[in-house]
Structure formats: C-alpha cells, structure tokens
Amino acid sequence: RKLNFFGETAMSDNLKLASVNGITWQMNSRLDFMSIYRNYDKAYQTLYGAGFGESSSNAGEVGIYFGANARLSSKFNFTTYYDQFKFTYLKWQTDDYSEGREFFAELNYFPRRSSHFYVRLRNKITERNSQLDYEGLKSQSEVNKTSIRFNYSQEVNDRWTIKTRIEWVNYQFDKDIANGVLFFQDVILKLFNLPMKIYWRYAIFDTDSYDARIYAYENDLLGVFSIPSYYNKGIRTYLMLRYDIGKKIDVWLRYDLWSYANQKDISSGLEKINGSEKSTVKIQLKIKI
C-alpha cells in the first residue's frame, strides 16, 4: 500500500562503492515512518556528491537513521529522528576512528492559521581527540551538545508579522562545560501606502565560549543567505528595507550592528576593530529588463 523502498549505489573510478538505501511507510493517516541506511567506502571519490550523511565528502561513513512524523490532531504535530553513525577513517581532530549519534524531537502547535508555536530538543554526541595527556595516539572523548528552543510566530494582520525565540545550548567536552542563551524579537511590516517592506530584529545573547554558539537565520539581501553565529555577550540588531520602484526596480538597504559587552576589540589582523561594536551597511539594486 503506502510502503516505498528507494536507494542508490555509485562507483568511483577506483572501483569503490557508496550506497544509500531507505524505506518510507505511511502507517496510517496520522503516522509516517522513515529509515535510511548509508555506507560510503573510505576510498570512494566524488567531487560534487551530496548524499545523506554527516560527512560532506560522502566517504568513510556508515550510519542508520530512523525518523517519524505524527499528526496528533489538527493543531498538534510531532516530529522526531535518531541517527547513529560511525566514521571508518580519520577525520579532523580525530587520530582514530570515531562514532556519534544524534536525537531530535519537535512539537508543533498551530492555535490558528496565522500563528505557530514549536518547542525543539536536539542532542548530538560525536568524538574528538581528548584534551587529556596520553602516550601515543590521543584517545577519543565525547563532545555532547544539547539545545532547547522555544519559537513563536504570529501574523497579527495583513501588515504585521512577529516572531519571538529563546534558545539555550549546553556544551560538554572533557572538563569543558559551556552554556549559552539567545533571545530575539523579529518584526516584519508591510506598508500599504508605500511599496515598502521593513524587517527588524533585536537580539540579546550570552554564551560562555564559542563552543556554545547559537546559530539563527537572518533576513538579508536578495540572493544572500545569512546564518551568523551568536557568541560572547552582547546585543545584535538589524534593520532592512525593501522598496519597489515600479514593476522593474527594487532597492534593498540593510544595516546591522554587533555590540559586545565583554570585548574591547573585535577580530584580529587587518580586520581588527578597536572597540566593542561592529556595524555593516549593505545596499542592493535590482533592475528587470
């Protein structure tokens, strides 16, 4: 009935194989299940491969993934997955074979068509060379990172859209323990008397180190994909305007600011800034011919 098998196997010029196979099963109208198995030989070669997995090279990896989606009601939806993987060759910061696992769970609530709330839990454990002193090759220690996110978005009316998020991260590696928290408020405003759209964000973040950094998507110029990392302690804000001049000309203007509370200078070398603030101005003009 609603059971699907899929897979793909490839061979590179050196006769090494990479394979990914899976199954999807719509058990009933409310529950979907998926499982994917991957096995990429450590000597498999691909320049533009983008197969499912943890490694970007699609080589030296074996793993099994289980996922499920449950439509609990018209207003509640639950998604979860578990991924177990191991690497059959050395990786960056590992002098031995390593393995890991990842767990994800998200509960979505739609109180009405114009609003959406979700809570998300993610835990990922990988291995890395230990910081402790050993003779010979370094042993492996677990890197354990957990994050919890609360997100609420609301279309107030045809003009106003708001989004609020708070996220907490915990990082553990050997004796290093770091925590981080991020709160931001987004506002999107459409002006009817002017062909203009305004995007604004105000964020507050506080992390113990770069290891506890938090990523958050930002609206940016057309064709620009922006997901900066929030770390240290401070505020982040940006304001972006989009103005349509007729049907063929669009103008984009964006200003953003990083303001740190615990830094006297930013970056280093030729990009060093003597101060605790960093701002950027971007402008873009699009003309349709």
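As the structure is a computational prediction, the values presented were derived from the model and not from experiment.
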Around [X], counting heavy atoms of other residues, nucleotides and ligands shown, do more than 12 lie under 6.0 Å from its [atom1]?
X    : atom1 : value
N262 : CG    : yes
K163 : NZ    : yes
D13  : CG    : no
K145 : NZ    : yes

For Q154 and S114, what are the C-alpha separation, side-chain angles and deciding distance, and is it a side-chain contact (heavy atoms from CB on, under 4.5 Å)?
-> CA-CA 6 Å; Q154 170 75 53; S114 60; 3.3 Å; yes
Please check: side-chain N/O of [X] versus main-chain N/O of [Y], any donor-acceptor pairing under 3.5 Å?
X    : Y    : result
N129 : Q93  : yes
T207 : A212 : no
Q263 : D265 : yes
D174 : D176 : no

Using a strict threshold of under 4.0 Å (side-chain N to carboxylate O), is an ion pair present between [Y] and [X]?
X    : Y    : value
R236 : D256 : yes
E271 : K278 : no
D220 : K282 : yes
E218 : R254 : yes
E61  : K86  : no

For the student: nearest non-hydrogen atoms of [X] and [Y], plus distance:
X    : Y    : value
G53  : R38  : CA-NE, 3.4 Å
I227 : Y215 : O-CD2, 3.7 Å
R201 : A216 : NH1-CB, 4.0 Å
K190 : D158 : CD-O, 3.8 Å
S279 : L257 : CB-CD1, 4.0 Å
K42  : A59  : O-CB, 4.1 Å

For [X], what residues pass the side chain to side chain donor-acceptor pair (under 3.5 Å) criterion, not counting sequence neighbours?
X    : answer
S55  : S57
S12  : N14
N108 : E106, H116

So which pairs with a foot in residues 148-193 pass ring pair (Phe, Tyr, Trp, His ring centres under 6.0 Å), sequence neighbours left out?
-> none
So ring pair (Phe, Tyr, Trp, His ring centres under 6.0 Å) across residues 3-62, not counting sequence neighbours, yields F52-Y65
Sub-4.5 Å side-chain heavy-atom contact between [X] and [Y]:
X    : Y    : value
P228 : W258 : yes
K75  : Y109 : yes
L191 : I198 : yes
I162 : Q185 : yes
L222 : Q284 : yes
E54  : D83  : yes
N39  : N21  : no
T94  : Q140 : yes

Could you go step by step and tell me if N28 and Q26 meet the side-chain contact (heavy atoms from CB on, under 4.5 Å) rule?
-> CA-CA 5 Å; N28 53 52; Q26 186 177 348; over 6 Å; no
Chi angles and distances behind the side-chain contact (heavy atoms from CB on, under 4.5 Å) call for V20, I36 | CA-CA 7 Å; V20 55; I36 301 176; 3.6 Å; yes
Among the clusters formed by ILVMFWY side chains lying less than 4.5 Å apart, do M34 and F78 turn up in the same one?
-> no
Would L221 end up clustered with F225 when hydrophobic side chains under 4.5 Å apart are linked, directly or stepwise?
-> no
Under the side-chain contact (heavy atoms from CB on, under 4.5 Å) rule, collect the residues that match up with L15, sequence neighbours excluded.
-> M11
Do F87 and F85 make the cut of ring centroids closer than 6.0 angstrom?
-> yes
Are Y231 and Y210 an aromatic pair by the rule of ring centers under 6.0 Å?
-> yes
Given side chain to side chain donor-acceptor pair (under 3.5 Å), test N170 with Q172 step by step and report yes or no.
-> CA-CA 7 Å; N170 173 262; Q172 299 181 33; 2.9 Å; yes
Nearest 0.5 Å, please: how far is [atom2] in [Y] from [atom1] in [X]?
X    : Y    : atom1 : atom2 : result
L182 : I166 : CG    : CD1   : 8.5 Å
S141 : K175 : OG    : NZ    : 11.0 Å
R122 : F103 : CZ    : CZ    : 11.0 Å
I204 : T237 : CD1   : OG1   : 10.5 Å
R213 : N232 : CZ    : CG    : 12.0 Å

Does either side chain, that of [X] or that of [Y], offer a donor lying less than 3.5 Å from an acceptor on the other one?
X    : Y    : answer
D32  : T24  : no
R101 : Q84  : no
N151 : R165 : yes
N58  : T46  : no

Measure from NZ or CZ of R149 to the centre of the six-membered ring of Y118, then state whether that distance is under 6.0 Å and the direction lies within 45° of the axis.
-> no
Kindly indicate, with the supporting measurements, whether the criterion side-chain contact (heavy atoms from CB on, under 4.5 Å) is fulfilled by N219 and Y238.
-> CA-CA 9 Å; N219 293 290; Y238 71 82; 3.5 Å; yes
